[in-house]
Amino acid sequence: MAKLSGTAIIVFVLFAFLAEQSVAGRYYDDKVEDKVRKEVKNAIEKNPGIGAALVRLVFHDCWVNGCDGSVLLDKTPTDGFNTEKKAVNNIGLDGFGVIDAIKDKVKNDNVSCADIIVLAGRDAASILSGGKITYPITRGRLDGVSSSAAEADRALPTSDFDFDQLKTNFDSGFRKFTVEELVVLSGAHSIGVAHLSSYADRLTSAATPDFQIDSSYRAALNATTPPALLKQGQNPRVPNNVRDETQAFQQQAEYDPVAMGVNPTKGVLDNSYYHNTLENKVLFKSDWVLRTDGEAAGKLVEYRDKPEEWNKDFAAAMAKLSGLPAQGKNFEVRKNCRVINNHY
Ligand code: HEM
């Protein structure tokens, strides 16, 4: 009896310990994942915007020759300094400092930079969604040794794409993503920021017909970031999500998140993107064009109305994205994520 009580106490203490760990949102079975999670959490606490950058980094690494850490390289023997970071389509790409900090913490754990990107992106998605978006990551990716700006510009979609271009981009070569997955992943634009140059084409009737963007939203964007700024060499940034705009902006844009059924908390990774898109209050043409295809438009409505379904499908699509196989020939586990080993 005394023995049983002892066991019961141990079990109780163990459960209490695990509950404590779980409340803190930590992993308990894997030291590397634990270290990554801690760094990502710290980074987001210091700078909330960095979480979105880490989610985007997964897309921009894995879309170009698979998940191989090539997006992190500052220079390579074949491309010099003209690496993916220099691609026009990588405008605003960020999060490199966080990846460096994580690499430093796991330097004795034999973890590739490619693995760090997908782990960090996964943790950022989990934190920004309040724990609603979670998915497992298997490690073992290796780092590539080449990185080309031109290749990144060929591979990555741009914000002025029409629907057919997006569909083709998502289903070409080693990337086999369905229309549903295109719609699911586009929901990542519920977080983060964009430069004026990425949506300036949406600000005039001449470039974008009135029915493609809500007139009040367009007026608010023109008031805060007039396209003329580009001619003066300025390229300011605005939140991707009108939910994350100031109250004054939202008033001008006639955007009332609560009335629309959107959680007004700023910075959350959730299905608000679908509410906004269906009201034409989204930044990019590539967001709006999802309304022009029957299947994609149906999915927009589904994800607007079923937030839990979007969380689940987004997690699955991110896991698939994070598993895109590296396409190169030569690999290593880089010591420094910014340069290949024989340049270290
Ligand atoms: C469907 C095609 C897509 C296009 C055309 C596109 C385009 C863009 C553009 C132009 C920006 C703003 C860049 C800037 O001006 O600074 C952006 C930001 C962003 N994109 Fe996408 N994107 C696409 C898909 C995705 C996917 C699949 C993800 C992630 C799974 C994603 C995640 C993000 C995030 C999180 C940001 C904000 C980044 C930050 O604040 O640092 N995008 N995207």
Side-chain angles (χ1 to χ4, degrees), residues 43-44 47-64 67 71 85 87-98 117-118 120-122 124-125 127-129 133 135 152-153 155-172 175 177-202 221 225 230 234-241 244 266-270 272-273 277 282-290 293 296 299-300 310 313-324:
I44 293 176
N47 171 11
I50 212 70
L54 291 171
V55 173
R56 187 176 180 221
L57 211 48
V58 178
F59 180 47
H60 284 230
D61 189 39
C62 297
W63 218 240
V64 186
C67 307
V71 75
K85 284 181 178 175
V88 177
N89 295 347
N90 275 332
I91 181 174
L93 210 63
D94 204 351
F96 305 112
V98 184
I117 292 177
V118 295
R122 181 268 299 267
I127 292 167
L128 296 180
S129 65
I133 294 169
Y135 49 93
D153 276 331
L156 291 163
T158 57
S159 57
D160 60 353
F161 269 16
D162 61 28
F163 180 77
D164 284 340
Q165 287 171 304
L166 286 176
K167 188 176 168 178
T168 305
N169 180 272
F170 269 63
D171 184 11
S172 60
R175 302 182 295 259
F177 284 71
T178 63
V179 166
E180 177 175 323
E181 287 163 334
L182 161 65
V183 178
V184 169
L185 286 171
S186 296
H189 291 161
S190 67
I191 51 171
V193 292
H195 287 83
L196 170 58
S197 56
S198 297
Y199 62 88
D201 58 339
R202 302 254 293 152
L221 287 170
T225 58
L230 292 173
Q234 294 177 50
N235 198 1
R237 293 180 304 178
V238 299
N240 276 337
N241 193 332
D244 295 346
K266 297 191 193 309
V268 177
L269 177 59
D270 66 7
S272 50
Y273 168 86
T277 305
V282 269
L283 277 187
F284 309 138
K285 177 182 171 189
S286 58
D287 295 320
W288 181 81
V289 295
L290 299 178
D293 173 77
K299 283 286 159 191
L300 290 173
W310 180 73
D313 289 358
F314 185 73
M318 284 300 289
K320 178 173 171 181
L321 180 63
S322 305
L324 281 177

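Order of appearance sets the numbers: ligands from 1, and atoms from 1 within every ligand. When reading the values below, keep in mind they use all heavy atoms of this one structure, side chains included, and skip hydrogens, waters and symmetry mates.
- Within the 4.0 Å heavy-atom criterion, the part of Thr158 lying near ligand 1 is the backbone and not the side chain.
- The backbone N or O of Val282 sits less than 3.5 Å from a side-chain atom of Arg202, completing a donor-acceptor pair.
- Among protein atoms, those of element N, O or S found less than 2.8 Å away from atom 21 (Fe) of ligand 1 are His189 NE2.
- At least one heavy atom of Met318 sits less than 4.0 Å from an atom of ligand 1.
- Within the set Ser286, Cys62, Gly51, Ser198, the minimum heavy-atom distance to atom 10 (C) of ligand 1 is found for Ser198.
- Across Gly95, Pro157, Ala52, heavy-atom proximity to atom 3 (C) of ligand 1 is greatest for Pro157.
- Near Val193, the atoms of ligand 1 lying under 4.0 angstrom from a non-hydrogen atom of the residue are 12 (C), 37 (C), 39 (C), 40 (O).
- Here Phe163 and Trp288 keep their ring centres 6.0 angstrom or further from each other.
- With hydrogens and angles left out, the side-chain atoms of Tyr273 and Asp287 include a donor and acceptor closer than 3.5 Å.
- Taking a 4.0 Å cut-off on heavy atoms, Phe170 registers as neighbouring ligand 1.
- A perpendicular orientation is assigned to the rings of Phe170 and Phe177, their planes being inclined by more than 60° (bins at 30° and 60°).
- Within a 6.0 Å sphere centred on CZ of Arg237, other residues, nucleotides and ligands contribute 12 heavy atoms or fewer.
- Residue His195 places at least one N or O, backbone or side chain, under 3.5 Å from an N or O of ligand 1.
- Taking every heavy atom of Leu166 and a limit of under 4.0 angstrom, the matching atoms of ligand 1 come to 1 (C), 2 (C).
- Panel note: side chain Asn241, backbone Ile191; no donor-acceptor pair is recorded below 3.5 Å.
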